[in-house]
Amino acid sequence: MNISLNILELFDEYFLILILIQSLVLWMLDYKYFKRENMCRAARQCKSISLISTIVAVVLYITRMILL
């Protein structure tokens, strides 16, 4: 139990901000680049990865806030 709580301590505000910045870069810059280069599949994957990573980060952050 103690090990899992130590791992949850890693998902703090800085981690959440880092993931949000990374997701915004993926969503805005990389998506537009892939779309401009007619790489539609990569553009869709870019959006999906951005959305999923944001959701996972928020869930981990909320879990950390509840448990700790």
Can you give the donor-acceptor pairs under 3.5 Å from side chains of residues 20-33 to other protein atoms, not counting sequence neighbours?
unit_1 : atom_1 : unit_2 : atom_2 : d
S23    : OG     : I19    : O      : 3.0
S23    : OG     : S50    : O      : 3.3
S23    : OG     : S53    : OG     : 3.3
S23    : OG     : T54    : OG1    : 2.7

M39 side, atom CE; C46 side, atom SG - distance, nearest 0.5 Å: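 The SG atom of C46 is 10.5 Å from CE of M39, to the nearest 0.5 Å.
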At what distance, to the nearest 0.5 angstrom, does CD1 of I52 lie from CD of Q45?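 These two atoms lie 10.5 Å from each other.
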Taking only distance into account, with no hydrogens and no angle test, what donor-acceptor pairs under 3.5 Å do side-chain atoms of residues 59-68 form with protein atoms, sequence neighbours excluded?
unit_1 : atom_1 : unit_2 : atom_2 : d
Y61    : OH     : E13    : OE2    : 3.2
T63    : OG1    : V59    : O      : 2.7

